[in-house]
Protein chains: 4
Amino acid sequence: MGERGYAATGISAICEHSGLPASSIYWHFGSKEGLLGAVMERGARQWLKSLQQSIDAPNDSPPLPALLQHGFTSLKTDPPEFLRLLILLALERSHDDHATLEAVRSIREMGRRAFENALRQTFSNSHPDLADDIARKYSSSALAFAEGCYLAHQLDPDNTDIGELGRHLEFAVLAMAHDFVSSRT
Amino acid sequence: MGERGYAATGISAICEHSGLPASSIYWHFGSKEGLLGAVMERGARQWLKSLQQSIDAPNDSPPLPALLQHGFTSLKTDPPEFLRLLILLALERSHDDHATLEAVRSIREMGRRAFENALRQTFSNSHPDLADDIARKYSSSALAFAEGCYLAHQLDPDNTDIGELGRHLEFAVLAMAHDFVSSRT
Amino acid sequence: MGERGYAATGISAICEHSGLPASSIYWHFGSKEGLLGAVMERGARQWLKSLQQSIDAPNDSPPLPALLQHGFTSLKTDPPEFLRLLILLALERSHDDHATLEAVRSIREMGRRAFENALRQTFSNSHPDLADDIARKYSSSALAFAEGCYLAHQLDPDNTDIGELGRHLEFAVLAMAHDFVSSRT
Amino acid sequence: MGERGYAATGISAICEHSGLPASSIYWHFGSKEGLLGAVMERGARQWLKSLQQSIDAPNDSPPLPALLQHGFTSLKTDPPEFLRLLILLALERSHDDHATLEAVRSIREMGRRAFENALRQTFSNSHPDLADDIARKYSSSALAFAEGCYLAHQLDPDNTDIGELGRHLEFAVLAMAHDFVSSRT
DNA sequence: CATGAATGAGGCTTCATTCAT
DNA sequence: AATGAATGAAGCCTCATTCAT
């Protein structure tokens, strides 16, 4: 489903890949949507866990570069198929899929908060009074830009230099934050 | 197709919306993929043309803000359904076809070139010797960030301030460019 | 139609081969069946004419060998696609195709008469009183055997020695005739 | 399929005759061609088996007459629809498939071998040294003639005396064989 | 006489799902 | 917990045919 989209992935294809007959899949998951839900839940749990681990890990580098480096590196080593599926589902508006949209929103919010924390920590020492404002103000844009980098990597992997995108993203976010600092000083 | 994805959009649904019988659609487009190709080409041509026109038009604002303003405004007034389709197709990896991927690549290249031109014009007066380098170096990132803004708008329209994203994007790109200028001076 | 059968030959295929649009074909022949009728009529006329010519031609060899030689040679040099179509149509019992069955019957009758004449001429000198009986008695079997040779040639051209089949057929028919003569003498 | 030809026989027609829904047929046979293959194989196996049984059965008449008698009788009592299908398929040259042609060839080879065996047994006592040569030399022609008889019966049942054709065929084959014996003695 | 466009009916096949075992 | 068999609905597409130009 992560490779072809929900509609284009037939139960029979899943059977061929898993070796199980369709009836077994239905015994386990109840329906095609049930299977999707299970896959999504497992994918989300795994991905978020790995993300949290790497964030919690003791880290020498500054928070924002650390976050970006981890995120962008994982795109190459352990591509989160789950993310692809999530975006696909959100874009495939089956116009009645409240649950999926809610999941997308909450996961994006987690991502945004990761940027928020990274930004706050980055400026908590140098500008303790502005750190909160900076974090709140630019986290959404940072997330959006990061998603753009991910998307570019998906759309045209051969012509996308994901490393440079990451460096540009880091510089851009910090530049915006510094500009904010200047404007308030 | 732009709303539900390629696979999930049946010919019969298209017939109901268009009022034409399926056989007429097949006479015109040959196949479901043919229809997709035609839709993509027309959508891309129209959107890019309108974008170009608004940039070429006698304009008070500088090129990059003009490009961003028009692009991001059109997301609200005349949402380019074809863009969503483009992303969906690229993520739906049923591409034994290869033609679709090629279309995606060429359309993205057009978008990148729009940013390249805007950047070059922006710096052609102040730094004629660096304008080309700037345009080449940052156009890809600018495109990627812009796609991220679009994606954010698609994934969670209610919590996405597209106007602010645009302003941040403009600032970010210019900041990177100015940094490049400083490093070369 | 002679290659694929009536049902398997679409109007569109005929259009591609002829370069004409379907509507032109309908202007000329009225319907798919009309086209079939025209093709059959022309094919029958041509094939029968060529057969008649070769029979009428002054001929040194005895009548039966001459008939067989001409018929079997034409299978290789000028394969009567028309015959294929005729047999196909007769076997494809569209269960309401009186005209086709009638055509088959009349053409087979012509073939049988060719054998009848050849046999009569063969024995008209040596056994003038029995020639008619021989001709009448064995012409049907001769035709059936000959059709079998044709069919074998169609079913498995590579493993079918059409020349030998012809020689065997000639011998077989003459052997039956001679046996008949013996039994009456 | 045996009545109308492969292309003219729709899956829906088969459904009506069998009472099964189309999807069940596809579960069993995979495709229309798969169904064809199964039908052909079963038809051929049954018919040839019954033929072989009646030949192997303790039999008063000599082998060749037994073969012919049983074969030609079965044309009337238990008409082998699969034979008509076989011929139709061979004449319908849609054979990019190649598998069908191979089936045709192997089934004809079985038939030829039946004649070969019958001929060998017929002459194994009287001319043990020539029986093999005779069997090899005339089996193909015997098969071809027999097919012609079958075809004649199909094309024009009313005017075809299948019994007489069988007697003539038997005499013809034996006459050729005896001629061969004479020439070698 | 030619042609581009159109169309309802039906083509073969796959879909997601169920059920008895 | 597994599986072979079954099925109505729907999938994409081609059919033979018509008609205005």
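Worth saying up front: this structure is predicted, and the values here are computed from it rather than measured. Residue numbers start from 1 in every chain, and the chains themselves are labelled A, B, ... in the order their sequence lines are given, proteins ahead of strands.
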Can you check whether [X] has a side-chain N or O nearer than 4.0 Å to OP1 or OP2 of [N]?
X	N	result
C:S12	F:dT14	no
D:H28	F:dG4	no
A:S24	F:dT3	yes

Measure from [atom1] on [X] to [atom2] on [N] and round the result to the nearest Å.
X	N	atom1	atom2	value
C:F29	E:dA2	CZ	P	11 Å
A:L36	E:dA16	CG	P	12 Å
C:I11	E:dG4	CD1	P	17 Å
A:E33	E:dT17	CD	C1'	14 Å
B:Y26	F:dG11	OH	C1'	9 Å
B:R4	F:dG11	CZ	P	11 Å
D:E16	E:dG11	CD	C1'	14 Å
C:I14	F:dT14	CD1	C1'	14 Å

Exercise. When you match A:A22 and D:A22 each to their closest nucleotide on DNA chain F, which lands nearer the 5' end?
Worked result: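 Looking at DNA chain F, the more 5' nearest nucleotide goes with A:A22.
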For this session: Report the nucleotide, chosen from F:dT17, E:dT13, E:dG4, that has the shortest atom-to-atom distance to any side-chain atom of D:K32.
Result: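 Output: E:dT13.
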Exercise. Of all the nucleotides listed (E:dC1, E:dT7, E:dT17), which has the minimum atom distance to the side chain of B:W27?
Worked result: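 Side chain of B:W27 sits closest to E:dT7.
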For this session: Apply salt bridge (Lys or Arg N to Asp or Glu O under 4.0 Å) to the pair B:R105 and B:E109, showing each step before the final yes or no.
Result: CA-CA 6 Å; B:R105 212 168 303 162; B:E109 175 63 14; over 6 Å; no
Exercise. Counting distance only, does the side-chain N/O of A:K32 pair as donor-acceptor with the main-chain N or O of A:T9 below 3.5 Å?
Worked result: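 Answer holds: yes.
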For this session: Please answer whether the main-chain N or O of C:P157 pairs with a side-chain N or O of C:T160 as donor and acceptor at a distance below 3.5 Å.
Result: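 A pair under 3.5 Å: no.
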Exercise. With both distances kept under 3.5 Å, what pairs with F:dT7, Watson-Crick or G-U wobble?
Worked result: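 Looking at the geometry, F:dT7 pairs with E:dA16.
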For this session: Using Watson-Crick or G-U wobble geometry with both distances below 3.5 Å, tell me the partner of E:dT21, or none.
Result: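 The base-pairing partner of E:dT21, which may sit in any strand shown, is F:dA2.
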Exercise. If each of B:G19 and A:A7 is mapped to the nucleotide of DNA chain E with the nearest heavy atom, which maps nearer the 5' terminus, i.e. the 5' end?
Worked result: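 Mapping each residue to its closest nucleotide by heavy atoms, the 5'-most match is B:G19.
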Exercise. To the nearest 0.5 Å, how far apart are CG in A:L20 and CH2 in A:W27?
Worked result: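 CH2 of A:W27 is found 11.5 Å from CG of A:L20.
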Exercise. Which distance, rounded to the nearest 0.5 Å, do you find between the CE of B:M40 and the CG of B:L83?
Worked result: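 Rounded to the nearest 0.5 Å, the CE-CG separation comes to 9.5 Å.
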